[in-house]
Amino acid sequence: MMDGMATSATMSQQAVETTSYAPGRVVSVDLLRGLTVALMILVNDPGDWDHVFRQLDHADWSGWTLTDLVFPTFLFVMGVAMVFSMDAREARGDSQWARAGKVVSRAAKIFALDLILAYFPGMHWTRMRFYGVLTRIALCYLLAGLTLLATKRVRVLAAIVAVILVGYWVMLRWVPVPGAGMPVRNFPLLDPLNNWTSWIDRGVVHFTQHWMHTGRLYRKVSDPEGLLSTLPATATTLLGVLAGFWMQKIAHAGVGTEARLRMRSTQKMLTLVGAAGIVLGEVWSIWFPINKNLWTSSYVLLAAGVAALALAACSWLVDGRPQPWPRWMQVATWPWLVYGSNAIAAFVFSEALVITMIRIKITDSDGDKHSLWALSYENVFARHGSTDWTSLAFAVTYVLICFVPMWLLWRKKIFLRV
């Protein structure tokens with residue numbers, strides 16, 4: 001899913017790595033992927049959830065913040081990268097069945113990683129959460145990957161996205177919820193308790209608890225990575241696939257003045273499409289509010305639009321630039337290229353370290369137990385009280401800590417493929 005970066009890297013005296021990329025490599029995809037993963041770790045791990053800057057926390061329900069755009073950007077970039085990885089396997093002569101098998105295998109491995117993180121180190125089978133970020137990534141990769149294998153026709157893929165988004169809107173707006181009634185008439189639209197997404201999530205967990213004696217939701221009545229909302233999340237990934245077709249033009253642009261003009265033209269079109277997605281999402285939100293928890297159709301368009309703009313900006317910065325890059329560009333892009341080279345590994349490491357630090361309990365002089373995570377924050381960053389700034393400083397430090405093993409992998413040219 002997250003194809004490793006086929007690069008050769010050397011360390012300069014100032015600890016900044018000058019990298020030579022193979023011809024045709026679209027470096028902007030790696031750059032945006034790394035930025036997104038770093039942001040995922042940052043917003044997931046503040047020192048104190050009671051002290052978080054507004055844009056570094058999710059919207060309470062409807063509405064959006066910067067944080068709400070991070071995960072869909074990751075799925076969008078995954079869709080872009082999927083186009084290149086599928087073409088590479090086809091060029092190697094892999095059959096359709098072999099490529100489908102690879103999609104299924106990778107999705108299964110990512111899902112297994114989520115189960116491992118949910119089970120260890122507490123090993124509480126009865127409290128397992130099957131939903132989660134990695135589970136959503138796995139399902140979106142599976143569904144979008146198989147769809148891409150079935151067709152590469154832009155119009156067909158766009159039609160599939162449209163059917164998903166409109167169908168999801170119709171279902172949440174006009175289909176009665178069992179035991180609750182009709183949306184808008186009997187309860188507010190996108191009511192946290194009474195909506196099809198939450199109703200299905202509760203049904204799935206009830207089934208797993210009855211037959212497998214395990215299962216829980218992130219919230220008591222719903223889950224932000226639930227089953228039904230995975231469909232519009234897959235639409236986000238497919239929009240990334242469509243953007244990937246545009247990025248192929250950049251990969252095949254060649255060199256020279258004419259090639260640069262073609263590249264800039266593609267970047268401008270991607271920018272226009274991104275801006276259109278934001279406008280359409282905001283307009284649709286008048287009737288179908290933007291809601292990350294339910295992954296509403298208006299949210300899909302808004303988030304994909306922002307992701308497309310970010311990709312266009314990254315492409316303008318790095319794609320087609322003659323090498324070696326200027327020193328300032330090496331410094332500005334190196335950390336994110338390192339993170340992007342092992343994106344899934346970085347996220348899994350960050351989650352595993354958080355879980356471990358929370359599980360480790362230390363008893364103070366009064367006999368009270370505190371987690372290593374809490375003690376690290378309180379004794380280093382918040383010794384004189386917790387604020388938004390101390391919480392952010394802790395999160396930034398944690399991103400730097402998670403960067404170290406990724407940098408070591410980068411130096412040894414180890415790019416972990418799930």
Side-chain angles (χ1 to χ4, degrees), residues 1-22 25-47 56 67 70-71 73-78 80-82 84-85 106 109-110 112-114 116-117 120 132-134 137-138 141 310-311 314 317-318 325 329-358 373 376 392-418:
M1 180 203 58
M2 308 298 294
D3 284 349
M5 295 170 57
T7 65
S8 60
T10 58
M11 193 80 167
S12 70
Q13 292 180 350
Q14 287 77 19
V16 177
E17 313 202 3
T18 304
T19 308
S20 298
Y21 289 90
R25 178 109 194 153
V26 183
V27 188
S28 56
V29 178
D30 299 317
L31 179 61
L32 183 56
R33 181 165 55 205
L35 279 165
T36 305
V37 170
L39 270 175
M40 287 177 74
I41 297 172
L42 179 76
V43 301
N44 281 347
D45 305 299
L56 298 181
T67 298
V70 176
F71 191 17
T73 299
F74 186 93
L75 294 180
F76 184 91
V77 175
M78 182 174 74
V80 175
M82 193 181 296
F84 292 96
S85 61
R106 282 185 168 176
K109 290 176 182 177
I110 297 169
L113 282 175
D114 203 18
I116 292 171
L117 286 175
F120 292 101
V133 170
L134 288 175
I137 291 173
Y141 182 79
L311 182 59
C314 290
L317 177 66
V318 299
W325 287 350
M329 186 179 293
Q330 296 176 32
V331 173
T333 61
W334 171 65
W336 322 122
L337 293 173
V338 171
Y339 256 125
S341 67
N342 280 296
I344 287 293
F347 180 76
V348 171
F349 176 81
S350 71
E351 291 290 292
L353 184 57
V354 168
I355 294 171
T356 301
M357 292 181 69
I358 290 176
W373 179 271
S376 299
L392 175 60
F394 181 89
V396 171
T397 302
Y398 190 69
V399 172
L400 294 175
I401 290 172
C402 293
F403 176 82
V404 173
M406 301 306 110
W407 169 62
L408 294 175
L409 291 173
W410 167 279
R411 287 198 66 186
K412 294 181 180 295
K413 302 174 186 176
I414 298 174
F415 307 110
L416 301 176
R417 295 182 175 90
V418 179

Can you tell me how far the [atom1] atom of [X] sits from the [atom2] atom of [Y], to the nearest 0.5 Å?
X: Met406; Y: Tyr339; atom1: CE; atom2: OH; value: 7.5 Å
X: Ile116; Y: Leu134; atom1: CD1; atom2: CG; value: 10.5 Å
X: Leu392; Y: Leu42; atom1: CG; atom2: CG; value: 6.0 Å
X: Leu337; Y: Leu35; atom1: CG; atom2: CG; value: 8.5 Å
X: Lys413; Y: Phe415; atom1: NZ; atom2: CZ; value: 8.5 Å
X: Lys109; Y: Tyr141; atom1: NZ; atom2: OH; value: 10.0 Å

Heavy-atom pair of closest approach, residues [X] and [Y]:
X: Phe74; Y: Ala343; answer: CE1-CB, 4.4 Å
X: Ala346; Y: Ile41; answer: O-CD1, 4.0 Å
X: Pro335; Y: Phe403; answer: O-CE1, 3.6 Å

Task: side-chain contact (heavy atoms from CB on, under 4.5 Å) assessment of Phe71 paired with Ile137 - done: CA-CA 9 Å; Phe71 191 17; Ile137 291 173; 3.7 Å; yes
TODO: Given side-chain contact (heavy atoms from CB on, under 4.5 Å), test Cys402 with Asp45 step by step and report yes or no.
DONE: CA-CA 11 Å; Cys402 293; Asp45 305 299; over 6 Å; no
Open item on the list: Among residues at least two apart in sequence or on other chains, which ones pass side chain to side chain donor-acceptor pair (under 3.5 Å) with Asp114?
Closed with: Thr135
TODO: May I ask you to test the Trp334-Trp325 pair for a side-chain heavy-atom distance under 4.5 Å?
DONE: no
Task: Heavy-atom side-chain proximity of Leu317 to Thr333 below 4.5 angstrom - done: yes
Task: For Phe76, ring-ring contact (aromatic ring centres under 6.0 Å, His included) partners two or more places apart - done: none
- [ ] Kindly write out the residues that satisfy ring-ring contact (aromatic ring centres under 6.0 Å, His included) with Trp336, not counting sequence neighbours, or none if the list is empty.
- [x] none
Acceptor/donor pairs from residues 348-355 side chains to any protein atom, 3.5 angstrom cut, sequence neighbours excluded:
{"unit_1": "Ser350", "atom_1": "OG", "unit_2": "Phe347", "atom_2": "O", "d": "2.6"}

Task: Residues which pass side chain to side chain contact (heavy atoms under 4.5 Å, CB included) with Ile414, listed by chain and number, not counting sequence neighbours - done: Leu409, Lys412, Leu416
Task: Residues which pass side chain to side chain contact (heavy atoms under 4.5 Å, CB included) with Ser376, listed by chain and number, not counting sequence neighbours - done: Met357, Leu372, Phe394
TODO: Kindly determine whether Ile344 and Leu113 satisfy side-chain contact (heavy atoms from CB on, under 4.5 Å), including the steps that lead there.
DONE: CA-CA 10 Å; Ile344 287 293; Leu113 282 175; 4.2 Å; yes
Task: Leu311 and Ser28: CA distance, side-chain angles, deciding distance, side-chain contact (heavy atoms from CB on, under 4.5 Å) verdict - done: CA-CA 7 Å; Leu311 182 59; Ser28 56; 4.1 Å; yes
